[in-house]
Number of protein chains: 2
Amino acid sequence: MIEAASILKKIVEALKDLINETNIDFSETGISLQAMDSSHIALCNLLLRDDGFKTYRSDRTMTLGVNLSSLSKLLKCAGNDDEVRIFTDDDADQLNFSFESANKERVSEFTLKLMDIDADAVDIPEMDYQAVIDMSSSEFSRIIRDLGSVGEAVMIDATKQGVKFSSAGDAGKGSILLKHQKSVDGDSALATSIEINEPVSHSLALKFLSNFAKAAPLADRVSIHMIEDAPVMFEFKISEIGHIRYYLAPQIDDDE
Amino acid sequence: MIEAASILKKIVEALKDLINETNIDFSETGISLQAMDSSHIALCNLLLRDDGFKTYRSDRTMTLGVNLSSLSKLLKCAGNDDEVRIFTDDDADQLNFSFESANKERVSEFTLKLMDIDADAVDIPEMDYQAVIDMSSSEFSRIIRDLGSVGEAVMIDATKQGVKFSSAGDAGKGSILLKHQKSVDGDSALATSIEINEPVSHSLALKFLSNFAKAAPLADRVSIHMIEDAPVMFEFKISEIGHIRYYLAPQIDDDE
DNA sequence: GTAATTCCGA
DNA sequence: TCGGAATTAC
């Protein structure tokens with residue numbers, strides 16, 4: 001399997017602070033991963049389809065347990081433009097990486113030891129969400145960072161008119177309102193669009209949202225999927241190849 | 001003696017984490033320093049020839065003991081483009097620095113207290129090395145940093161074809177292979193050249209190599225000089241004026 | 001564990 | 001050019 005290193009790095013950066021160790025599933029159709037975060041509250045789902053790779057081959061289905069912190073360190077040894085090959089031996093007790101620089105003068109080989117991990121058997125039902133907010137991922141990061149200095153949780157209120165992020169803490173409170181905008185061609189990159197059946201609002205722990213925001217380098221946009229009485233889902237599409245989705249259950253608090 | 005501050009700063013940065021205190025020799029022909037690192041394993045050698053200075057005068061030979069950490073702090077008070085004068089009084093119990101800004105509008109004077117230091121009498125024999133690797137110093141830094149996250153030691157294997165740096169640790173292992181290349185004019189800045197009589201390989205403690213890599217800002221290239229059963233020497237040429245050389249004895253381990 | 005520094009992104 | 005984050009030294 002061959003791919004540019006930078007995207008792989010970003011993927012691992014988007015997961016490693018949430019998940020220490022996880023099983024990764026390799027199958028004919030691609031690579032996938034589902035895992036609860038270390039505190040068993042949030043949930044991540046990664047999908048990389050086979051056709052997104054330059055070449056991809058997996059003769060059989062394999063589940064490999066990796067330490068994401070080690071993997072992150074390993075990937076830091078690749079240049080962003082290096083071509084990456086990932087392969088495993090038949091006994092699959094280690095995962096091998098080769099990085100080749102663009103000019104071919106430098107070839108690195110790294111090996112990651114694998115581990116047996118007790119899988120959190122996770123099943124994610126597809127849902128019909130009441131509201132789907134599609135917004136700039138950098139805007140999302142900015143809002144999460146800004147509200148992170150205000151309080152511990154963010155209330156997300158989605159209405160037809162727009163979406164409001166708000167937080168309150170000891171020193172005060174803050175809110176950011178993004179108005180719904182049909183993607184104006186001029187700056188559609190920043191526009192926020194909201195598809196909504198019914199207004200919905202949820203309070204979410206900022207601690208997790210900050211981690212979700214680490215996926216922003218992977219995608220220009222993030223979509224936030226909300227429904228009453230179920231986890232909120234954040235999706236970052238990874239161009240041409242798949243997505244990262246994060247699920248987080250709302251906090252039960254006074255305002256809902 | 002007058003010199004641009006930035007180069008002096010870089011020199012001290014390249015030494016201070018390895019050596020706390022050292023004698024510096026001032027003679028008619030220039031400035032030199034030899035010292036073991038604090039753990040008495042690695043060895044540094046600095047040479048600054050008199051003709052590399054804008055002006056240089058040393059009426060007699062002097063050996064002055066300095067604390068490099070204090071010197072580093074002192075030099076941080078100089079602007080990078082300041083012209084530096086270093087001078088001492090006849091009794092030589094302190095070293096005086098003046099920094100003059102490019103526009104001459106600002107002149108700073110600093111004084112460093114000297115100390116008596118028991119010299120490690122160090123003698124470095126000139127050797128005929130079996131292999132000399134000449135490579136980009138930034139590439140060297142990168143490799144040392146990358147392998148630093150893998151293990152505690154690096155094996156350097158020099159052959160006619162190229163040089164391989166490799167390391168192994170708990171989480172896995174890694175290696176970087178640089179292919180030998182006659183300096184193609186196009187990008188000779190990155191090319192690696194290897195002059196070799198006989199293949200040689202040595203295992204070296206990464207802890208020290210990380211310190212050696214701090215000399216990279218002083219020189220675009222580093223040359224690695226290897227011979228069986230003797231310390232490996234790393235040389236960074238300081239343009240027009242001298243060099244820093246580091247010596248490190250190989251670790252005895254199974255692979256050699 | 002804290003503090004400083006260096007590097008990257010806005 | 002400035003601020004923030006990550007890395008590294010004390």
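Atoms considered below: every heavy atom in the structure, side chains included; atoms not considered: hydrogens, waters and symmetry mates. All of these numbers come straight from a predicted model, not from anything done at the bench. In what follows, chains carry the letters A, B, and so on, assigned in the order in which the sequence lines appear, proteins first and then strands, with residues in each chain numbered from 1.
- In terms of heavy atoms, Phe234(A) sits closest to Phe212(A) at CD1-CD1, 3.6 Å.
- A salt bridge does not link Lys16(A) with Glu21(A): none of the charged nitrogens is closer than 4.0 Å to a carboxylate oxygen.
- Between Glu3(A) and Arg85(A), no side-chain nitrogen of the basic residue sits less than 4.0 Å from a carboxylate oxygen of the acidic one, so the salt-bridge criterion is not met.
- Rounded to a whole Å, the CZ atom of Phe208(B) is 13 Å from the P atom of dA9(D).
- With dT8(D), dT5(C), dA5(D) as the candidates, the nucleotide lying closest to the side chain of Lys76(B) is dT5(C).
- Atom CG of Leu75(B) is separated from atom P of dT5(C) by 14 Å (rounded to the nearest Å).
- Counting only heavy atoms from C-beta on, Lys214(B) has its side chain closest to dA9(D) among dA9(D), dT8(D), dG4(D).
- Side-chain atoms of Arg145(B) lie closest to dT8(D) of the nucleotides dG4(D), dT8(D), dC10(D).
- Rounded to whole angstrom, the span from the CD1 atom of Ile19(B) across to the P atom of dA9(D) amounts to 15 Å.
- For the pair Leu218(A) CG and dG9(C) P, the computed distance is 14 Å after rounding to whole Å.
- To the nearest angstrom, P of dT8(D) lies 15 Å from CG of Leu209(B).
- Between the CG atom of Asn67(B) and the P atom of dC10(D) there is a distance of 11 Å, rounded to whole Å.
- With rounding to whole Å, Leu68(B) atom CG is found 16 Å from dA9(D) atom P.
- Counting non-hydrogen atoms of neighbouring residues, nucleotides and ligands closer than 6.0 angstrom, the NZ atom of Lys9(B) exceeds 12 such neighbours.
- Taking atom NZ of Lys10(A) as the reference point, atom P of dG9(C) lies 9 Å away to the nearest angstrom.
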